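A quick note: this is a predicted structure, and the numbers were derived from the prediction, not measured.
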Amino acid sequence: YSFVLLLAGNFRDGWREFSWRNCSQSRPDLNFCQTLNRASSWNRETKLVIDSQQGLGDTLQFIRYLKGLRKRHPNFILTAPEKLLSLLTNSGIPCISKLDHDSPFSNQEHVDLMSLPALLDFNESKPDFGMPYVHPSSELVEKWRSRFKQLPCRGIVGVNWSGNRNDLEKRGRNFPI
């Protein structure tokens with residue numbers, strides 16, 4: 001139902017319906033229903049832990065909403081997959097791979113990254129995410145620039161995104177090249 005609402009341009013209701021998937025989770029700190037009720041008491045000083053519980057692709061897609069979060073709640077940290085930490089850090093996003101018990105964020109509010117559009121009451125068809133919202137390191141840019149310079153002609157780069165090969169539930173959705 002949420003996808004129908006989003007496709008119809010009803011972003012406010014679509015994102016809220018999308019986030020209801022978390023209402024029955026076993027982790028009460030990430031239960032969207034409870035988080036939505038507590039969100040009204042948050043202020044700019046509230047420390048938030050944004051949990052990216054999905055894969056690399058979902059994390060990369062949904063970190064664009066951190067710009068809107070930063071305007072309202074600048075005191076947050078993102079828990080993200082280890083493979084993305086250098087890219088996220090280079091992009092100015094405060095992040096860690098795991099939350100230690102002695103972290104200043106360990107006993108704070110937890111929010112699922114994919115629930116940010118609903119929690120921010122996001123209702124725009126053409127949002128300002130500040131493109132690009134991720135930035136590779138200058139070393140990586142130079143490394144790939146020099147590799148492409150060695151090619152006899154200017155190539156076209158295509159991306160074939162596939163999920164985790166070890167995830168047996170999603171095996172049929174990947175298309176190897």
Exercise. Given V111 and L119, is the side-chain contact (heavy atoms from CB on, under 4.5 Å) satisfied, shown in steps?
Worked result: CA-CA 9 Å; V111 178; L119 288 170; 3.2 Å; yes
Exercise. For C95 and T79, what are the C-alpha separation, side-chain angles and deciding distance, and is it a side-chain contact (heavy atoms from CB on, under 4.5 Å)?
Worked result: CA-CA 6 Å; C95 59; T79 61; over 6 Å; no
Problem set entry | Shared hydrophobic cluster for L7 and F11 (ILVMFWY, side-chain gaps under 4.5 Å) |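 As far as the 4.5 Å side-chain criterion goes, F11 and L7 are not connected within one cluster.
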Can you tell me how far [atom2] of [Y] sits from [atom1] of [X], rounded to the nearest 0.5 angstrom?
X	Y	atom1	atom2	value
D121	W15	CG	CH2	13.0 Å
S137	E142	OG	CD	10.5 Å
S97	K83	OG	NZ	13.5 Å
I77	D51	CD1	CG	10.5 Å
H73	K47	NE2	NZ	15.0 Å

For this session: Would you check, one step at a time, whether the test side-chain contact (heavy atoms from CB on, under 4.5 Å) holds for F18 with M114?
Result: CA-CA 9 Å; F18 179 78; M114 292 175 68; 3.4 Å; yes
Could you check whether any side-chain N or O of [X] sits under 3.5 Å from a backbone N or O of [Y], counting only pairs where one atom can act as donor and the other as acceptor?
X	Y	answer
R72	L120	yes
N10	L5	no
S146	K143	yes
N90	P136	yes

For this session: Can you spot which of I50, L78, L113 makes a side-chain contact (heavy atoms from CB on, under 4.5 Å) with L69?
Result: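 Only one option passes, and that is I50.
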Problem set entry | Heavy-atom pair of closest approach, residues R70 and G92 |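 What the structure gives for the nearest pair is NH2-O, 2.9 Å.
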Exercise. Which heavy-atom pair separates P117 from F62 by the least distance, and what is that distance?
Worked result: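 The pair with the smallest heavy-atom distance is CG-CE2, 4.0 Å.
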Student check: side-chain heavy atoms of [X] and [Y] closer than 4.5 Å:
X	Y	answer
L87	L60	yes
L48	N75	no
P81	S52	yes

Problem set entry | Worked verdict on R147 versus Q150 for side-chain hydrogen bond (donor to acceptor under 3.5 Å, both in side chains) | CA-CA 5 Å; R147 283 188 177 181; Q150 296 172 9; over 6 Å; no
Exercise. Can Y133 and I93 be said to form a side-chain contact (heavy atoms from CB on, under 4.5 Å), step by step?
Worked result: CA-CA 10 Å; Y133 57 92; I93 298 171; over 6 Å; no
Exercise. Which residues, ordered by chain and number, are linked to L85 in its hydrophobic cluster, where ILVMFWY side chains connect at heavy-atom gaps below 4.5 Å, directly or through other members?
Worked result: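 Its cluster partners, ordered by chain and number, are none at all.
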